[in-house]
Amino acid sequence: MPGQPLPRERGDALLDDCTLNSLLRRGVSEIIVEQEFVELLRSGKSLRLKMGFDPSRPDIHLGHVVGLRKLRRLQELGHKVILIVGDWTAQIGDPSGESVTRPMLTHQEVMANAESYMTQFFKIVDRDRTETILQSEWFGKFNLATVIDLTRRFTLAQFLERDDFARRYQARRPIAITEFLYPLLQAYDSVAIRSDVEFGGTDQKFNLLVGRDLQSMMGQRPQQCFLMPLLVGTDGVQKMSKSLGNYVAVDDAPKEMFGKVMSIGDGLMLNYFDLLTDAPPEEIEEMRRATSEGSVNPMELKKRLAAEITAQFHPAKAVEEARRHFERTVQGREAPEEAPEVRYEVLGEVCVVRSDGVHGEEARREAPIQGGLVATADLIWAAGLAKSKSEAKRLLAQSAVEIDEARHTGASVALRNGAVIRVGRRRYARLVEMDRRP
RNA sequence: GGAGGGGUGGGUGAGUGGUUUAAACCACCAGACUGUAAAUCUGGCGCUCGAAAGGGCUUCGCAGGUUCGAAUCCUGCCCCCUCCA
């Protein structure tokens with residue numbers, strides 16, 4: 001139940017062995033230092049849990065959710081999340097992505113991105129137990145002297161230990177000097193907010209450790225580093241990331257979310273159950289057995305997974321709709337209950353089509369009409385179902401086009417108000433003549 | 001400052017004058033199959049004109065040049081890497 005405020009009582013009593021065990025094991029890659037972390041939890045003190053984000057990438061996907069769920073659990077135990085808006089680090093670019101130099105963001109853009117990030121963030125994490133701070137609160141006061149003081153504390157050799165840097169250096173790829181500043185700034189954040197525990201994916205290990213070191217250099221108790229496994233993306237190979245296009249966004253519409261989860265390989269399913277749902281371990285074990293025995297259809301399990309994940313971000317009704325939509329269009333190969341509408345009007349020899357297009361932008365395109373028939377490829381392109389006319393022709397040749405549930409390969413077709421065009425498995429458009437509803 | 005190496009399609013990466021819209025692999029798209037948008041197999045994967053056959057244009061960091069013809073040769077510029085100082 002996302003967004004629901006939590007009961008206020010502190011949770012020493014809640015910290016039984018079972019809770020603790022799941023906290024330390026499930027969806028965790030490594031805790032540095034685990035023993036200290038457990039002691040902190042048991043101390044009854046409300047901990048300051050640090051989580052940073054880069055406002056140049058305001059999108060949250062399931063890969064982030066693994067960690068956010070963990071934060072939520074800890075909030076339930078009475079701890080507090082400190083969310084840092086990385087308005088300075090964003091200007092450097094996290095070296096782990098091997099990113100190209102990024103354009104500097106204006107303050108306005110940063111705030112807009114932060115806003116959008118937070119509405120997604122608070123779908124999982126409790127807003128009332130979160131404090132949000134901008135890095136500029138402390139870095140705004142920095143000057144060259146402070147920066148020099150910071151850089152003096154670490155050596156090149158130490159930084160080249162970092163996996164990303166080491167690999168790039170070995171591969172003779174460029175590393176900008178500013179990139180060395182990234183871990184330093186992130187580390188200083190920990191000092192500034194007196195972090196008790198910092199959270200991040202395993203690729204953040206180095207940055208988190210620098211924070212730990214810097215805190216102790218500056219006379220603070222070093223933070224614990226809580227590292228979470230990187231979620232494998234829908235391609236089943238690489239980590240989930242927006243730039244690789246293998247992600248399921250927290251903001252995805254229910255149908256899309258459900259479908260994307262269904263598209264993961266069967267082998268990835270149990271991993272997702274483990275990291276992204278509350279399914280008890282015994283049940284996951286049971287699923288593992290059932291699938292390897294072949295006594296259950298993996299598709300049924302995956303539907304359950306898709307439903308459970310979608311339900312974390314959408315109302316139950318929408319989840320049911322998404323499931324029906326999937327069963328209808330993908331399994332049943334039928335037209336969806338409602339295809340997106342594309343408006344058209346006939347003006348003499350051309351058919352003018354207005355659509356939002358497959359790529360989002362509003363477009364007004366024309367397809368020629370001859371003897372009452374429209375050129376099919378042009379129509380598909382005009383309706384935004386193909387990127388170019390060439391692509392539309394290719395799709396036609398590959399018999400990927402259906403009009404009113406009948407395969408269509410002809411070069412031209414009669415225009416009909418209310419006709420449903422389908423291209424491939426997922427692209428649909430319903431033709432609606434302007435000022436007339438079917 | 002000096003010496004050398006390199007920049008190829010969304011990615012990795014072949015290709016050193018013509019058969020190159022550029023191998024191969026990945027990603028992606030489509031079809032077949034499947035009670036999954038899994039897996040597997042097959043095909044496709046610059047734009048444009050054409051019903052089609054086929055034609056035109058555009059592409060190998062950027063800009064010029066040599067040549068009947070250039071990703072490939074020459075010149076200048078930009079960027080990256082290595083070594084020396």
Side-chain angles (χ1 to χ4, degrees), chain A residues 97-101 165 167-177 179 232-248 252-273 287 291-292 294 296-307 309-310 322-334 336 358-359 365-371 373-381 385-402 407-413 421-428:
Chain A
E98 214 185 289
S99 43
V100 196
T101 314
F165 289 144
R167 264 212 305 274
R168 281 159 71 190
Y169 190 68
Q170 241 162 17
R172 303 187 165 175
R173 294 219 206 86
I175 302 171
I177 290 172
E179 293 186 62
V232 176
T234 52
D235 59 352
V237 184
Q238 287 178 284
K239 70 167 182 180
M240 184 173 283
S241 98
K242 194 180 182 200
S243 50
L244 293 171
N246 61 356
Y247 68 103
V248 181
D252 276 342
K255 284 176 191 152
E256 206 169 332
M257 195 178 263
F258 193 96
K260 279 187 186 175
V261 175
M262 287 305 289
S263 84
I264 66 169
D266 291 349
L268 204 54
M269 205 164 54
L270 295 174
N271 178 244
Y272 273 41
F273 263 115
M287 289 187 229
T291 43
S292 65
V296 63
N297 186 335
M299 183 194 58
E300 291 305 329
L301 285 182
K302 219 193 288 180
K303 275 189 195 167
R304 176 181 157 192
L305 175 70
I309 289 176
T310 309
R323 179 193 207 107
R324 273 207 311 278
H325 178 262
F326 181 86
E327 285 167 355
R328 184 183 167 103
T329 61
V330 180
Q331 291 187 263
R333 300 189 166 238
E334 288 167 43
V358 275
H359 308 299
R365 292 164 169 164
E366 298 180 355
I369 297 180
Q370 227 173 16
L373 298 176
V374 212
T376 322
D378 293 69
L379 182 63
I380 291 167
W381 165 77
L385 297 171
K387 279 180 260 181
S388 66
K389 292 180 193 173
S390 301
E391 187 181 78
K393 283 178 192 170
R394 267 182 244 127
L395 289 164
L396 266 175
Q398 290 178 130
S399 60
V401 178
E402 267 179 26
R407 178 142 299 170
H408 186 95
T409 49
S412 57
V413 65
I421 309 178
R422 170 191 203 174
V423 174
R425 277 180 282 201
R426 273 180 278 170
R427 277 169 277 166
Y428 291 92

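Order of the sequence lines sets the chain letters (A, B, ...), proteins ahead of strands, with each chain counted from 1.
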Query - Watson-Crick or G-U counterpart of B:C77, or none if no pair lies under 3.5 Å - result: B:G61
Query - Between B:U20 and B:U75 - C1' atom distance, rounded Å - result: 25 Å
**Report entry** Assigned partner base of B:U82, Watson-Crick or wobble definition, under 3.5 Å
**Finding:** B:A3
Query raised in the report: With respect to the side chain of A:L395, which nucleotide from B:A30, B:U36, B:C47 is positioned closest?
Result: B:A30
Requested in this report: Quick one: label A:G424 by what it contacts on the DNA or RNA (base, sugar-phosphate, nothing), any heavy atom closer than 4.0 Å.
Outcome: sugar-phosphate
Query - Residue-phosphate contact under 4.0 Å: A:S399 side-chain N/O, B:A30 OP1/OP2 - result: no
Query raised in the report: Base, sugar-phosphate, or nothing: which does A:I264 touch, judged by heavy atoms less than 4.0 Å apart?
Result: sugar-phosphate
Requested in this report: For B:A85 and B:A71, measure between their C1' atoms and round to the nearest Å.
Outcome: 36 Å
Requested in this report: Could you work out which one of B:G31, B:U48, B:C49 sits closest to the side chain of A:R425?
Outcome: B:G31
Requested in this report: Considering only atom P, compute the distance from B:G31 to B:A24 and round it to an integer number of Å.
Outcome: 24 Å
Query - Side-chain ion pair, A:E327 and A:R323, N-O less than 4.0 Å - result: yes
Query - Sugar-phosphate, base or nothing in reach of A:K389, heavy atoms under 4.0 Å - result: sugar-phosphate
Query raised in the report: Looking only at N and O atoms, is any donor in the side chain of A:D266 or the base of B:U36 less than 3.5 Å from an acceptor on the other one?
Result: yes
Query raised in the report: What is the distance from CD of A:Q238 to P of B:G10, rounded to the nearest Å?
Result: 17 Å
Query - hbond_proxy A:R426 side chain to B:A37 base (donor-acceptor, 3.5 Å cutoff) - result: yes
Requested in this report: Figure out the CG/C1' separation between A:L301 and B:A39, and round it to whole Å.
Outcome: 16 Å
Query raised in the report: Can you tell me if the side-chain N/O atoms of A:R427 get under 4.0 Å from OP1 or OP2 in B:A30?
Result: yes
Query raised in the report: Quick one: on RNA chain B, does A:A400 or A:D378 contact a more 5' nucleotide (nearest heavy atom)?
Result: A:A400
Query - Nearest-angstrom distance, P atom, B:G61 to B:G13 - result: 15 Å
Query - Presence of A:R407 side-chain N/O under 4.0 Å of B:A32 phosphate oxygens OP1/OP2 - result: yes
Query - Side-chain (A:D266) to main-chain (A:M299) donor-acceptor, under 3.5 angstrom - result: no
Query raised in the report: With distance as the sole test, does A:T376 use its side chain to make a donor-acceptor pair with the main-chain N or O of A:A411 at under 3.5 Å?
Result: yes
Report summary line: Atom CE of A:M269 and atom P of B:U36 are separated, to the nearest Å, by 14 Å
Query raised in the report: Counting any heavy atom closer than 4.0 Å, what does A:F258 reach on the DNA or RNA strands: base, sugar-phosphate only, or nothing?
Result: nothing
Query raised in the report: Using atom C1' of each nucleotide, how far apart are B:A70 and B:G17 to the nearest Å?
Result: 6 Å
Query raised in the report: With no hydrogens and no angle check, is any side-chain donor or acceptor of A:K303 less than 3.5 Å from a backbone partner on A:P298?
Result: no
Query raised in the report: Looking only at atom C1', what distance separates B:C25 and B:G18, rounded to whole Å?
Result: 27 Å
Query raised in the report: Are the side chain of A:T234 and the backbone N or O of A:N246 linked by a donor-acceptor pair below 3.5 Å?
Result: yes
Requested in this report: Quickly work out the A:I175 CD1 to B:U82 P distance and round it to whole Å.
Outcome: 8 Å
Query raised in the report: Between A:L396 (CG) and B:G43 (C1'), how many Å, whole number?
Result: 16 Å
**Report entry** Within 45° cone and under 6.0 Å: A:K239 NZ/CZ vs A:Y247 ring
**Finding:** no
Report summary line: Rounded to whole Å, NZ of A:K393 lies from C1' of B:U48 at a distance of 8 Å
Query raised in the report: To the nearest angstrom, how far is A:M299 atom CE from B:A37 atom P?
Result: 9 Å
Query - Distance, P atom - from B:C79 to B:C29, rounded to whole angstrom - result: 38 Å
Query raised in the report: If you take atom types as modelled and just measure distance, does the side chain of A:Q398 reach the base of B:G31 with a donor-acceptor pair under 3.5 Å?
Result: no
Query - Nucleotide B:U34, atom C1' - distance to CZ of A:F326 in whole Å - result: 12 Å
Query raised in the report: Distance between the P atoms of B:A37 and B:A32, in whole angstroms?
Result: 12 Å
Query raised in the report: Is there a side-chain polar atom (N or O) of A:R394 under 4.0 Å from OP1 or OP2 of B:C47?
Result: yes
Requested in this report: Please check if the side chain of A:R328 supplies one atom and the backbone of A:V330 the other of a donor-acceptor pair under 3.5 Å.
Outcome: no
Query - Side-chain donor or acceptor of A:E256 paired with backbone N/O of A:D252 under 3.5 Å - result: no
Query raised in the report: Does B:U34 have a Watson-Crick or wobble partner in any strand here, with both distances under 3.5 angstrom, and which is it?
Result: none
Requested in this report: With the side chain of A:S388 defined as its heavy atoms from C-beta on, choose the nearest nucleotide among B:G43, B:A37, B:U48.
Outcome: B:U48
